[in-house]
Amino acid sequence: QIKLTESGGGFVQAGGSLRLSCGGSEGQISSFTLGWFRQVPGKEREFVSGITWYSDRISYLDSVKGRFTISRDNDKNTLWLQMNNLGPEDTAVYYCAARWINDIETSPLGYNYWGQGTQVTVSS
């Protein structure tokens, strides 16, 4: 079991950057594949990026490739998402998620634990 807590969201102008963090508690993130998802009202939760236990496999949504970077530090029990060159289309609530299986899954149904989410708003 693990509890996930996101932070780092906020308001930024187009072209700006934000760094999201996801801290683990009541468990160790080293036992989980971790992912970032995002959701806007009225739409399904969308996979943004994922990273396996030891960072040997990483995956990104096509539209964020080259702009977003996922990373993790198992010793610090923390996951990050560095987001650069943000655009209004990136506005959403961003969630971190964890799954037991050491493989990246793009469906939210494949994840066992979720954080509460952090709002990212990008103005044009």
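All values below come from the heavy atoms of this structure, side chains included, with hydrogens, waters and symmetry mates left out. Counting begins at 1 with the first residue of the sequence.
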Counting N and O atoms only, with roles assigned by atom type, does the side chain of [X] sit under 3.5 Å from a partner on the main chain of [Y], one being a donor and the other an acceptor?
X: W114; Y: L4; answer: no
X: T52; Y: R57; answer: yes
X: Y60; Y: I70; answer: yes
X: N102; Y: W53; answer: yes
X: T33; Y: I101; answer: yes
X: E26; Y: K3; answer: no

**Report entry** pair S71-Q82: side-chain heavy atoms closer than 4.5 Å
**Finding:**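 They are not in side-chain contact.
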Report task. Measure up the F47 and F37 rings against each other and bin them: parallel (under 30°), tilted (30 to 60°), perpendicular (over 60°). Result ->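 If you compare the ring of F47 with that of F37, the planes turn out perpendicular.
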Report task. Kindly determine whether V120 and R38 satisfy side-chain contact (heavy atoms from CB on, under 4.5 Å), including the steps that lead there. Result -> CA-CA 9 Å; V120 172; R38 64 188 182 188; over 6 Å; no
Requested in this report: Run the numbers on Y54 and N74 for side-chain contact (heavy atoms from CB on, under 4.5 Å), then give the verdict.
Outcome: CA-CA 8 Å; Y54 301 112; N74 290 340; 4.0 Å; yes
Query raised in the report: Of all heavy-atom pairs between A97 and Y111, which one has the smallest distance, and what is that distance?
Result: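 For A97 versus Y111, the nearest heavy atoms are CB-CD2, 3.5 Å.
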Query raised in the report: Do Q116 and T5 pass the side-chain contact (heavy atoms from CB on, under 4.5 Å) test, and can you show the C-alpha distance, the side-chain angles, and the key distance before you say yes or no?
Result: CA-CA 7 Å; Q116 82 289 347; T5 305; 4.0 Å; yes
Query - Interatomic spacing from OG in S107 to CZ in R99 - rounded to 0.5 Å - result: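 The CZ atom of R99 is 9.0 Å from OG of S107, to the nearest 0.5 Å.
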Report task. Please step through side-chain contact (heavy atoms from CB on, under 4.5 Å) for the pair D90 and R67, ending with a clear verdict. Result -> CA-CA 11 Å; D90 298 314; R67 300 189 298 123; 2.8 Å; yes
